[in-house]
Amino acid sequence: MSQAKGYAAASVKAPLTPFTFERREPREHDVAIDIQYCGICHSDIHQVRDEWGGSIFPMVPGHEIAGIVRAVGGKVTKYKVGDKVGVGCMVDSCRHCEQCARGLEQYCTEGLVLTYNSREHDGAPTMGGYSNNIVVDENYVLRMPDNLPLAACAPLLCAGITLYSPLKHWNAGPGKKVAIIGLGGLGHMGVKLAHALGAEVTVLSQSLRKQADGKRLGADHFYATSDPKTFARLKGSFDLIINTVSADIDWNQYLTLLKVDGNFVVVGVPEKPVPLAAFALIMGRRSIAGSGIGGIQETQEMLDFCGRQNIVSDIEVVPIQKVNEAYERVLKSDVRYRFVIDMASL
Ligand code: NAP
Ligand code: ZN
Ligand code: ZN
């Protein structure tokens, strides 16, 4: 075992405070990583506040991890000391179920191990990236783009893949009209990625406050959802709408913005069940679906795509001592567009 330093929540809704814990010694297939940066995802806040139930404390959050390989186990073939690597939302899975065999480890039915607030196969609780190091099996480690700054790439590991995967699955590309609801951490990556894939991109934001940013990030159109005219004007417009918002919004209203056969894809996680009117789906053969992060192979594909297209996250780097303040600002949508913790501050 080796010691790790980080920040943890001791109990539900407790502020994050300094915390020391153990990491396992690297096994044959493990990579030991010195963490340099970790993004702050809204999911970290949901879990620290136990909004999804079953949270495990003490909790070291963080699943947008970027760092440098410090050591490798004897049988590691994919990485060597000094490589720029990343770890996203998962660190293991069963490796034999139908989903794992298809490269959809995120939907593993028999043993998904999330990066934190989860348990290893031996029962040990996992601790995430708000810390100075992590030990992960090489098959769940990603290679970071060499040509891009590591800090701004950290958010690709959750926010990036969470938008890339549904954009690819529902064929966002030339000739397709895509709307992104919510210009936050996930949403701003959705705009950049959908634009790079060649789709016509619309941002649906609460107000026009972020309009200039939206256009700069690659949006063709930008509308305020607080303006009722927006819904009349955009009726039947989109092939694909991706909803990144976790607040209660009326999904039925957004379904009317889909074309016939359009898809409304949920990635944001509201705390309570959402009421749905059947006619919003029936009239137009519309579909509603969900999407969770992406598999390891697809995450690597997304990182390579970002490397080729020079796509990074727009970030505000913060020292770890400001993490609680950063959480409050995320809750107020006061971040442009992702906080990234500089682990040197530990
Ligand atoms: P975020 O940075 O806080 O962005 C959410 C955005 O939602 C805000 O920037 C804001 O955009 C909009 N919003 C906030 N309050 C709103 C309100 N009351 N009404 C309407 N819109 C509102 O959060 P994030 O990190 O992108 O995460 C978003 C959600 O996705 C979270 O629930 C998170 O847990 C979930 N998530 C899911 C996956 C997955 O695999 N499915 C992965 C990661 C995260 P505007 O200011 O533009 O309106
Ligand atoms: Zn996340
Ligand atoms: Zn599996």
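All ligand and atom numbering here is 1-based and tracks the order in the structure. The first residue of the sequence shown is numbered 1, and numbering continues consecutively from there. Just so you know, these numbers come straight off a predicted model, no measurement behind them.
If you number the atoms of ligand 1 from 1 as listed, the ones under 4.0 Å from a heavy atom of Cys41 come out as 43 (C), 44 (C). Ligand-side atoms of ligand 1 in range of Arg338: 24 (P), 25 (O), range being under 4.0 angstrom from any heavy atom. Listed by number with element, the atoms of ligand 1 under 4.0 Å from a non-hydrogen atom of Ser205 are 45 (P), 46 (O), 47 (O), 48 (O). Every atom of ligand 1 is numbered from 1 in the order shown, and the set under 4.0 Å from a heavy atom of Gly268 is 29 (C), 30 (O), 32 (O), 35 (C). Remark: ligand 1 atoms within the under-4.0 Å shell around heavy atoms of Ile249 are 19 (N), 20 (C).
Residues Ile68 and Val317 share a single hydrophobic cluster, defined by chaining ILVMFWY side chains whose heavy atoms lie under 4.5 Å apart. By the criterion of side-chain heavy atoms lying less than 4.5 angstrom apart, applied directly or through intervening Ile, Leu, Val, Met, Phe, Trp or Tyr residues, Tyr79 is grouped together with Ile134 in one hydrophobic cluster.
Residue-level proximity to ligand 1 for Ser207 is absent, since no heavy atom of it falls below 4.0 angstrom. Heavy atoms of Ala247 found under 4.0 angstrom from ligand 1 belong exclusively to the side chain. At a heavy-atom distance under 4.0 Å, atoms from both the backbone and the side chain of Leu183 approach ligand 1. Here Ser43 has heavy atoms under 4.0 Å from ligand 1 in both its backbone and its side chain. Contacts between Val203 and ligand 1, counted as non-hydrogen atom pairs separated by less than 4.0 Å, are absent for every part of the residue. Residue contacts with ligand 1 for Phe222 are absent, since no atom lies close enough (heavy atoms, distance under 4.0 Å).
Taking distance alone, with nitrogen or oxygen atoms compared against 3.5 Å, Leu186 approaches ligand 1 more closely than that limit. Considering backbone and side-chain atoms together, Trp52 places no N or O closer than 3.5 Å to any N or O of ligand 1. For the pair Val269 and ligand 1, the shortest N or O to N or O distance falls below 3.5 Å. The shortest N or O to N or O distance between Gly292 and ligand 1 is not under 3.5 Å. Of the N or O atoms in Arg209, none lie within a sub-3.5 Å distance of an N or O in ligand 1. Ligand 1 has a nitrogen or oxygen under 3.5 angstrom from a nitrogen or oxygen of Ile293. The shortest N or O to N or O distance between Cys158 and ligand 1 is not below 3.5 Å.
Sorting the N, O or S atoms of His63 by how far they are from the Zn ion (ligand 2) puts NE2 first.
From the protein, the heavy atom lying nearest to atom 39 (C) of ligand 1 is Thr162 CG2, 3.4 Å. Scanning the protein heavy atoms around atom 8 (C) of ligand 1, the nearest turns out to be Ser333 OG, 3.5 Å. The closest protein non-hydrogen atom to atom 22 (C) of ligand 1 is Gln206 NE2, 3.2 Å. Of the protein's non-hydrogen atoms, Thr244 O, 3.0 Å is the one closest to atom 28 (C) of ligand 1. The shortest contact between atom 9 (O) of ligand 1 and any protein heavy atom is with Gly184 CA, 3.2 Å.
In this model, a donor atom of one side chain and an acceptor atom of the other lie less than 3.5 Å apart for Gln300 and Asp304.
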Legend entry - Test log, rule side-chain hydrogen bond (donor to acceptor under 3.5 Å, both in side chains), inputs Glu316 and Tyr337: CA-CA 7 Å; Glu316 180 175 337; Tyr337 279 87; over 6 Å; no
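Metal site remark for the Zn ion (ligand 3): His96 contributes no N, O or S atom at a distance under 2.8 Å. The distance from the Zn ion (ligand 2) to the nearest N/O/S atom of Cys158 is under 2.8 Å. Taking 2.8 Å as the threshold, Cys41 counts as a candidate ligand of the Zn ion (ligand 2), since one of its N, O or S atoms lies below it.
For Tyr130 and Tyr116, the ring centers sit 6.0 Å or farther from each other. For Phe19 and Tyr7, the ring centers sit 6.0 Å or farther from each other.
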